Amino acid sequence: MPSIGLGDLLLATVFPLVMRKAFGRPAGLVALVLTLAAIGTLLALPLQGGFPLMVVLGPLMGLQYLYWRRRRGQERTTWHYLQEEPMQPLGERLNSQQEAH
């Protein structure tokens, strides 16, 4: 059974956010789904002996980064990220959600 430490959880949480910032929403969603699927699969398998979860997650994250880097090119800077996906103040978000309903 894989051993899950605090660092494993930290990387599993932050990696999809970083991928979204660097390569866009599709990259973030793919990273989130693959990370959760890998963790769920490893926990469901009846594996003997313990090993760190990052033995699987590390290469998976590296492969995703290489894929998106090849597909999208260079990472977006924070400035480009904010230009393409501007943040709205909370009040505006709540008003737009209420108007949609």
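Computed from a predicted structure; not experimentally measured.
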Asks: Rounded to the nearest 0.5 Å, how far does CG of Leu11 lie from OG1 of Thr35?
Replies: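 Reported to 0.5 Å precision, the distance equals 9.5 Å.
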Asks: When you group the ILVMFWY residues by side-chain heavy-atom contacts below 4.5 Å and let the links chain together, are Leu45 and Val56 in the same group?
Replies: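 Result: yes, single cluster for both.
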Asks: For residues 50-66, which residue pairs qualify under side-chain hydrogen bond (donor to acceptor under 3.5 Å, both in side chains), counting only residues two or more places apart or in two chains?
Replies: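 For residues 50-66: Tyr65-Arg69, Tyr65-Glu75.
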Asks: Does atom CD (Gln74) have a neighbourhood of more than 12 heavy atoms from anything else shown, all under 6.0 Å?
Replies: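 Atom CD in Gln74 is not packed in, count stays at 12 or less.
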Asks: If you look at every heavy atom in Val55 and Pro59, which pair is closest and at what distance?
Replies: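 Heavy atoms of Val55 and Pro59 come nearest at O-CD, 3.2 Å.
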Asks: Using a 4.5 Å cut-off between side-chain heavy atoms of Ile, Leu, Val, Met, Phe, Trp and Tyr, which other residues end up in the same hydrophobic cluster as Leu32?
Replies: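 Direct or chained contacts put Leu32 with Leu36.
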Asks: Donor-acceptor pairs under 3.5 Å, side chain of residues 12-31 to any protein atom, not counting sequence neighbours: which ones?
Replies:
| unit_1 | atom_1 | unit_2 | atom_2 | d |
| --- | --- | --- | --- | --- |
| Thr13 | OG1 | Leu9 | O | 2.7 |
| Arg20 | NE | Glu85 | OE1 | 3.3 |
| Arg20 | NH2 | Glu85 | OE1 | 2.6 |
| Lys21 | NZ | Arg76 | O | 2.7 |

Asks: So for atom CG, which belongs to Leu6, do other residues, nucleotides or ligands contribute more than 12 heavy atoms lying within a distance under 6.0 Å?
Replies: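 Count not over threshold, so no.
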Asks: I need the minimum non-hydrogen distance between Leu34 and Leu60, along with the two atoms involved.
Replies: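 Minimum heavy-atom separation between Leu34 and Leu60: O-CD2, 3.8 Å.
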Asks: Does Met61 share a hydrophobic cluster with Leu63, counting links as ILVMFWY side-chain heavy atoms below 4.5 Å and allowing steps through other members?
Replies: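 No; tracing contacts between hydrophobic side chains, which count when under 4.5 Å, never links both residues.
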Asks: Using a 4.5 Å cut-off on heavy atoms from C-beta on, say whether the side chain of Ile39 contacts that of Leu57.
Replies: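 The answer is yes; the side chains approach within 4.5 Å.
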